[in-house]
Colleague: 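Sharing a structure below in structure tokens format, with a few things to ask.
Atoms within each ligand, like the ligands themselves, are counted from 1 in listed order.
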Amino acid sequence: MWKDLEISVVRCDSEERKAKPDQDNLGFGTFFTDHMFLMKWNRENGWHDAEICPYRNFSMDPAAMVYHYGQAIFEGMKAYKSDEGQIYMFRPEDNIERMNTSALRMCMPRIPVEKILKAMKALVYLDRDWIPDGDGATLYLRPTMIAVEPALGVRPSEQYYFFIIMSPVGAYYAEGFNPTKIWVTDKYVRAVKGGVGHVKTAGNYAASIMAAQEANRAGYTQVLWLDACDRKYVEEVGTSNIFFRIGDELITPPLGGSILAGITRDSVIQLAGSWGINVVERRISITEVIAAIEDGSLREAFGSGTAAVISPIGELCYQEKKYVIAKGETGELSQRLFNELQAIQNGKQDDPFKWVVRVG
Ligand code: COI
């Protein structure tokens with residue numbers, strides 16, 4: 001596995017290895033594994049010095065451009081262990097390709113898909129003892145690219161780091177798979193067409209924090225964003241895409257340039273479609289959603305994302321009024337999608353879409 005990588009591999013000494021966290025209290029993204037992947041880019045050499053090495057701090061110039069102008073992109077993906085101990089990843093090439101879409105928009109260099117996939121698999125395999133066994137617990141991978149050239153002019157950096165760190169995680173929300181309460185904001189906006197809302201760049205998340213804090217203070221888990229022009233059409237939830245089951249349709253907002261092209265979103269569309277459900281990608285206004293809650297045609301709503309998987313929505317709050325969805329319970333389709341996706345990801349179920357990649 002290591003020989004054909006052209007990546008240097010330095011393993012931790014046994015005394016450098018960290019104690020594994022309690023599997024029942026992993027939280028999300030607070031523990032990190034023993035190793036990481038790092039490679040560097042500059043104009044003369046392209047990507048070079050690729051290494052898998054012990055997890056370590058970076059030493060960077062305070063003028064590194066990422067600190068000043070936020071040229072930073074990332075991905076979120078997961079590795080899973082089956083009951084038999086086989087390791088799988090879910091659609092990893094799609095994440096790498098999406099990172100290249102983000103790189104293009106942010107004037108950053110492309111990463112080589114095949115090589116990064118190999119590096120990812122090697123890294124996951126090396127730290128395989130960190131993949132948690134618990135129900136719903138997984139190993140989360142965070143591929144990230146940052147601008148490291150020390151310079152204060154506003155222009156693309158001429159030097160970058162690309163790295164992958166890994167974290168054993170439990171459910172993203174404290175609610176686990178229980179329905180979340182979502183705060184619809186018409187005060188703040190996330191993204192506008194022509195901007196960067198469709199790519200996974202750090203600034204999108206920084207800009208979302210204030211609205212999320214207001215939602216949390218009011219007792220809500222996440223923010224539902226509306227379009228930036230009319231503050232009328234539903235876009236996405238803080239860390240996931242959103243779906244509404246209204247009558248016989250499963251409706252999700254279309255990817256119009258301000259919404260992230262979620263890989264879980266796409267998986268839901270394909271999976272539900274294969275079950276004969278009429279999946280419709282169209283604009284849906286918040287007033288239509290509320291009317292459907294009030295007349296009982298909205299049967300369930302859920303978010304989809306790598307971190308959040310499928311997260312049922314039990315309540316919306318819009319303009320200070322609360323709307324309970326599906327009696328505040330998990331809907332039947334949300335449950336089915338969650339079970340099926342998890343079963344495919346964990347290798348417990350056939351994978352008709354060829355989404356799952358074996359590691360090791
Ligand atoms: C993911 O779902 O992997 C994400 O990147 C969301 C994250 C910001 C927690």
Colleague: Do the two ring centres, one from Tyr205 and one from Phe74, sit under 6.0 Å apart?
Modeller: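 Yes, they do, as the ring centres are separated by less than 6.0 Å.
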Colleague: On the six-membered ring of Tyr55, is Lys18 placed so that its NZ or CZ lies under 6.0 angstrom from the centre and within 45° of the ring axis?
Modeller: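 Positive - Lys18 is close enough to the ring of Tyr55 and near enough to its axis.
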Colleague: Below 4.5 Å, heavy atoms only, C-beta onward: do Glu340 and Leu271 meet side chain to side chain?
Modeller: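 Touching, per the 4.5 Å side-chain cut-off.
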Colleague: Does Met210 CE have over 12 foreign heavy atoms under 6.0 Å away?
Modeller: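 It does not: Met210 CE has 12 such atoms or fewer within range.
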Colleague: Scan side-chain atoms only and decide if Thr180 and Gln222 contain a donor-acceptor pair under the 3.5 Å cut-off.
Modeller: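 On atom types as modelled, these side chains do not qualify, holding no pair under 3.5 Å.
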Colleague: Which is it for Leu123 and His35 under the side chain to side chain contact (heavy atoms under 4.5 Å, CB included) test, yes or no, and what are the steps along the way?
Modeller: CA-CA 7 Å; Leu123 183 63; His35 297 90; 3.8 Å; yes
Colleague: In a simple table, one pair per line, please give the protein and ligand 1 atom names for every N or O pair closer than 3.5 Å, along with the distance.
Modeller:
| unit_1 | atom_1 | unit_2 | atom_2 | d |
| --- | --- | --- | --- | --- |
| ligand 1 | 2 (O) | Thr306 | N | 3.4 |
| ligand 1 | 2 (O) | Ala307 | N | 2.9 |
| ligand 1 | 3 (O) | Tyr140 | OH | 2.6 |
| ligand 1 | 5 (O) | Tyr140 | OH | 3.4 |
| ligand 1 | 5 (O) | Lys200 | NZ | 2.7 |

